[in-house]
Amino acid sequence: MISIQGIKKSFGSLEVLKGIDLHIDKGEVVSIVGPSGAGKTTLLQIIGTLDRPDAGSVIIDGIDVSHLSKKKLADFRNQHIGFVFQFHQLLPEFTAIENIMIPAYIAGASHRETKKRAQELLDFMGLSDRASHKPNELSGGEKQRVAVARALVNHPAVILADEPSGSLDSKNKEELHQLFFDLRDKFGQTFVIVTHDEQLASITDRTIHMRDGQLEKLDQLEELENLDKPKEL
């Protein structure tokens, strides 16, 4: 599904990613964790084709996105990748269902099919009665579920989420986290999630640890964990 090889990225003299190799299977729910400045969001942006690496390749759903033109890259992003951010980024002047429909309109889908798909997603999210409500009439949890539906409207190959539950209370966090797995079970959806939420990371299929622009190997993690354990006398 996603194959990343030798990804490097620098901003001026600051080397943010130092050679990332990673493979993610279809239907996996993967979390990426690590301290601030580890390179998590930069890696997610490169996977999402929002930024280009200085070196290396990114293959998504069999397509090497590293060599696509700007136009083809924008089309690929719209049709193959869904995004969920910490803050929902809904457009305030549009209703919930209209916000969900926007990416499909950009892709050139018909109004009839787009509205049908958006309504199906609202139903799945338990938001059928909120379709005509604007963002300022929705709760924080409802807004984020609408944002997830918007990310799904074009049947993307992968959903990329950056701190998706960071602005939610405990109850809404738990509901959103469960939603990711429900979507995986129903649609075979692949999720790559950058998070500081330990509870979310603990329930994902796999947790990728990053530090100083690199992926930490298992033996490194075990060594760090052992340092925190009390020594036997």
Side-chain angles (χ1 to χ4, degrees), residues 28-38 40-45 47-48 50 77-78 81-106 114-156 158-187 189-205 207-208:
E28 256 196 306
V29 180
V30 174
S31 56
I32 302 177
V33 303
S36 297
K40 306 183 299 297
T41 296
T42 299
L43 177 60
L44 199 73
Q45 289 174 339
I47 296 173
L50 295 171
R77 187 185 309 122
N78 173 254
I81 302 173
F83 295 92
V84 181
F85 304 99
Q86 179 174 352
F87 300 102
H88 49 82
Q89 306 292 351
L90 300 179
L91 297 178
E93 64 270 31
F94 294 108
T95 64
I97 195 167
E98 289 168 343
N99 266 283
I100 294 168
M101 295 165 71
I102 289 170
Y105 282 146
I106 293 172
T114 298
K115 190 168 185 178
K116 179 183 177 183
R117 169 68 171 165
Q119 190 61 60
E120 288 173 350
L121 288 168
L122 278 171
D123 293 345
F124 186 82
M125 302 289 171
L127 295 173
S128 302
D129 60 338
R130 312 297 274 170
S132 61
H133 288 66
K134 292 186 176 180
N136 65 355
E137 301 171 304
L138 302 174
S139 70
E142 288 171 339
K143 291 174 187 175
Q144 201 62 317
R145 277 183 280 162
V146 170
V148 173
R150 178 184 59 191
L152 288 162
V153 72
N154 283 341
H155 306 275
V158 60
I159 298 291
L160 303 180
D162 193 357
E163 299 289 357
S165 57
S167 63
L168 301 178
D169 59 33
S170 297
K171 181 178 182 296
N172 281 306
K173 278 185 181 184
E174 290 179 6
E175 291 178 354
L176 183 67
H177 297 168
Q178 184 57 51
L179 176 62
F180 294 152
F181 291 92
D182 292 343
L183 290 167
R184 189 270 299 277
D185 294 342
K186 183 172 178 62
F187 301 116
Q189 195 64 62
T190 305
F191 283 88
V192 182
I193 307 166
V194 164
T195 184
H196 282 102
D197 191 300
E198 294 180 1
Q199 190 272 336
L200 173 56
S202 70
I203 62 175
T204 55
D205 299 326
T207 302
I208 307 298

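Atoms OG1 and NE2, from T195 and H177 in turn, are 6.0 Å apart once rounded to the nearest 0.5 Å. Summarising the geometry, atom CD1 belonging to I81 is positioned 7.5 Å from atom CG belonging to L50; distances are rounded to the nearest 0.5 Å. Interatomic distance, L90 CG to I100 CD1, rounded to the nearest 0.5 Å: 8.5 Å. T41 contributes atom OG1, which lies 10.5 Å from atom CZ of F85 (distance to the nearest 0.5 angstrom). Atom OG of S128 sits about 6.5 Å away from atom CG of L122, to the nearest 0.5 Å. Between the CG atom of L127 and the CG atom of D129 there is a distance of 7.5 Å, given to the nearest 0.5 Å.
Checked by atom type and distance alone, the side chain of E137 pairs as donor or acceptor with a backbone atom of K134 at under 3.5 Å. Judged purely by atom type and a 3.5 angstrom limit, N154 uses its side chain to pair as donor or acceptor with the backbone of P103. D205 contributes a side-chain N or O that, together with a main-chain N or O of V29, makes up a donor-acceptor pair within less than 3.5 Å. Between the side chain of T207 and the backbone N or O of A201 there is at least one donor-acceptor pair closer than 3.5 Å. Panel note: side chain N136, backbone P92; no donor-acceptor pair is recorded below 3.5 Å. Between the K40 side chain and the G34 main chain, a donor and an acceptor come within less than 3.5 Å of each other. Side-chain N or O atoms of E163 include one that pairs as donor or acceptor with a backbone N or O of H196 at under 3.5 Å.
The side-chain contact (heavy atoms from CB on, under 4.5 Å) search around E98 returns F94, T95, not counting sequence neighbours. Residues meeting the side-chain contact (heavy atoms from CB on, under 4.5 Å) test with K186, sequence neighbours left out: F124. Shown here are the side-chain hydrogen bond (donor to acceptor under 3.5 Å, both in side chains) partners of R130, two or more places apart in sequence or in another chain: H133, E142.
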**OP:** Give the intermediate values and the outcome of side-chain contact (heavy atoms from CB on, under 4.5 Å) for residues Q119 and I97.
**Re:** CA-CA 7 Å; Q119 190 61 60; I97 195 167; 3.6 Å; yes
**OP:** Give the C-alpha distance, both sets of side-chain angles, the deciding distance and a yes or no for side-chain contact (heavy atoms from CB on, under 4.5 Å) between M125 and V148.
**Re:** CA-CA 9 Å; M125 302 289 171; V148 173; 3.7 Å; yes
Subject >> Full working for side-chain contact (heavy atoms from CB on, under 4.5 Å) between N172 and L176 >> reply: CA-CA 6 Å; N172 281 306; L176 183 67; over 6 Å; no
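More than 12 non-hydrogen atoms from other residues, nucleotides or ligands lie less than 6.0 angstrom from CD of E93.
A cation-pi arrangement is present between R117 and F187, with the terminal nitrogen or guanidinium carbon under 6.0 Å from the aromatic centre and inside a 45° cone about the axis.
Of the residues listed (I208, V33, I32, L160), the one engaging V194 in a side chain to side chain contact (heavy atoms under 4.5 Å, CB included) is I32, and it is the only one.
Under the 4.5 Å side-chain criterion, counting only non-hydrogen atoms from C-beta, D197 is in contact with K173. Annotation: side chain of S31 is not in contact with side chain of L200 (no heavy-atom distance under 4.5 Å).
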